[in-house]
Amino acid sequence: MASEQLKTAVIVEDDPDIRHLLVEVLEAAGFSTVSVGNGIDGIQAVLSYRPLLTTLDVNMPGIDGFEAARRIRAQSDTYIIMLTGLSEEADVVLGLGAGADEYIVKPFRPREFRARVDALLRRPRAAAPQQQAPRQDSVGPSFPGARPAAGPAAPTSGGPTPGAPLSYEEYLAQFPGAAQPAAPAAPTPAPQQPVYAPPPQQQPAPPAQQPVQQPIIVHHPSESAAVVPVSGSELVVHQPAGELVATGENWLVHRDLQVDTDTRLAYIAGHELDLTRTEFDLLSTLMASKRRVRSKADLTLVLRGESYVTSYFVGEADKRAIEAHMTNLRRKLSDNPTTPRYIETVRGVGYRMTSEVAAPA
């Protein structure tokens, strides 16, 4: 295996914060890293860079981590580590069955992750057995004084050289009165049995990879410009005043803030927002709830992927984490908590979206 292959790791993770953490840990371990944000790009990166190690998230745009692991394992022997928030036994079994070598549940500790990588690399891949050439057994004469099958040729004139080994005819010539025995007959080869070869089975063609549909942004210089719809894609139109018009059931709209839950893209006044996975989930949850108040405990369970059940434990540390994420989200929205335009705080309860109509001055 080439030295550069031994030092390459592909990171398939859609959360930029976790992706940066994995880059730091693996580069400290001596790897060069390649980072991508979805499963389809992850498969292409593995086939292009042929890494020694690959980390896979499960919940990603396009195809999930289980399907990505199956496709990678069918074409590569890279070590696969699954990093996911899914901790159920069925998910672990599904991940290992798809081809993963390790299954680590988020949140994870960087030093433990580094130790698991080192332990994984101590398990060498089984090398394919080398095929040995078939043995060639030479068959030579077995009478006393016979010459070996391979060697210098005997002189053709002047009689046998004293001390030299005798040929089969020279050996029989020493006994003129003896009957010449018949030369041993060559063994009759066994009749060849017809070899049955099963007809080749046609392998099913792999499913075509469906690219992740990205929104198509069309800029119109005037309101009279015609809008040309594009088949198979969502249409996002920028009007002259900067207002974004989005169509489709997967779009959530609040004032000039638009969210596409399918492609996990968010826009404000026509400009795309750079949100982490947690920030996007918080924003889409609040926009879907509209004016209904969502408590910090409720939002914590949403991020865990659990339904709202009061028996689940939500501690103060979880609530403080929601506050920190909400602060970062408001900063990216340029939203002032004192005079909010998008998200307002309901003291002692939680958060909700502001009214669609601006309050009179």
Side-chain angles (χ1 to χ4, degrees), residues 13-21 57 59-61 84-87 106-107 215 236 242-246 248-361:
E13 172 64 54
D14 65 334
D15 191 330
D17 296 336
I18 298 179
R19 192 162 60 232
H20 295 160
L21 175 62
D57 189 16
N59 295 322
M60 296 182 295
T84 174
L86 304 178
S87 59
K106 298 175 183 177
V236 181
E243 182 182 357
L244 185 66
V245 179
E249 297 180 354
N250 52 303
W251 285 89
L252 301 173
V253 181
H254 181 77
R255 295 189 175 183
D256 59 347
L257 181 62
Q258 286 81 24
V259 168
D260 184 358
T261 58
D262 281 356
T263 60
R264 296 181 67 84
L265 296 174
Y267 300 88
I268 183 170
H271 300 284
E272 183 177 348
L273 293 171
D274 184 16
L275 303 180
T276 65
R277 180 174 61 180
T278 300
E279 293 165 356
F280 183 89
D281 290 341
L282 288 176
L283 179 59
S284 59
T285 300
L286 291 175
M287 292 183 67
S289 302
K290 298 184 182 299
R291 294 286 290 166
R292 182 163 65 93
V293 180
R294 304 302 293 263
S295 66
K296 298 173 185 177
D298 190 6
L299 294 175
T300 299
L301 297 177
V302 169
L303 296 182
R304 292 180 185 174
E306 301 168 346
S307 59
Y308 182 70
V309 180
T310 55
S311 60
Y312 289 148
F313 175 75
V314 177
E316 292 299 323
D318 297 318
K319 297 179 181 179
R320 287 194 297 270
I322 293 295
E323 294 174 357
H325 290 305
M326 195 63 65
T327 300
N328 293 332
L329 177 59
R330 280 172 161 165
R331 176 177 53 82
K332 294 181 179 181
L333 296 176
S334 300
D335 200 13
N336 187 353
T338 306
T339 56
R341 176 174 173 79
Y342 305 108
I343 302 174
E344 63 182 18
T345 302
V346 180
R347 295 189 179 276
V349 183
Y351 305 94
R352 69 182 175 189
M353 302 302 293
T354 59
S355 175
E356 292 285 350
V357 180

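Hydrogens, waters and symmetry mates play no part in the numbers below; they use all other heavy atoms, side chains included. Residue numbers start at 1 and run along the sequence shown. Nothing here was measured: the structure is a model prediction, and the numbers come from that model.
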Discussion item. Using the rule given for salt bridge (Lys or Arg N to Asp or Glu O under 4.0 Å), can you reason through Arg19 versus Asp14, listing the C-alpha separation, both sets of side-chain angles and the distance that settles it, and then say yes or no?
Written reply: CA-CA 7 Å; Arg19 192 162 60 232; Asp14 65 334; over 6 Å; no
Would you mind checking if [Y] and [X] are paired as a salt bridge, meaning a charged N to carboxylate O distance below 4.0 Å?
{"X": "Arg277", "Y": "Asp57", "answer": "yes"}
{"X": "Glu279", "Y": "Arg330", "answer": "no"}
{"X": "Lys106", "Y": "Glu13", "answer": "yes"}

Side-chain contact test, heavy atoms from C-beta onward, threshold under 4.5 Å: evaluate it for [X] versus [Y] and give yes or no.
{"X": "Glu272", "Y": "Tyr267", "answer": "yes"}
{"X": "Thr276", "Y": "Asn328", "answer": "no"}
{"X": "Lys296", "Y": "Tyr351", "answer": "yes"}
{"X": "Val259", "Y": "Leu265", "answer": "no"}
{"X": "Leu286", "Y": "Arg291", "answer": "no"}
{"X": "Arg294", "Y": "Val349", "answer": "no"}

Worksheet item: Side chains of Asp260 and Thr263: do they bring a donor and an acceptor to under 3.5 Å?
Response: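 Present: a donor and an acceptor within the cut-off.
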So how far is it from [X] [atom1] to [Y] [atom2], rounded to the nearest 0.5 Å?
{"X": "Thr300", "Y": "Ile322", "atom1": "OG1", "atom2": "CD1", "value": "4.0 Å"}
{"X": "Thr285", "Y": "Met353", "atom1": "OG1", "atom2": "CE", "value": "11.0 Å"}
{"X": "Ser295", "Y": "Leu301", "atom1": "OG", "atom2": "CG", "value": "8.0 Å"}
{"X": "Ser355", "Y": "Glu344", "atom1": "OG", "atom2": "CD", "value": "8.5 Å"}
{"X": "Leu283", "Y": "Ile343", "atom1": "CG", "atom2": "CD1", "value": "5.5 Å"}
{"X": "His325", "Y": "Asp281", "atom1": "NE2", "atom2": "CG", "value": "10.0 Å"}

Is the backbone of [Y] close enough, under 3.5 Å, to the side chain of [X] for a donor and an acceptor to pair up by distance?
{"X": "Thr261", "Y": "Asn250", "value": "yes"}
{"X": "Ser289", "Y": "Arg292", "value": "no"}
{"X": "Thr84", "Y": "Leu86", "value": "yes"}
{"X": "Lys332", "Y": "Leu275", "value": "no"}
{"X": "Thr354", "Y": "Arg341", "value": "yes"}

Fill in: Leu282 versus Leu299, closest heavy-atom pair with distance
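Residues Leu282 and Leu299, closest heavy atoms: CD2-CB, 4.0 Å.
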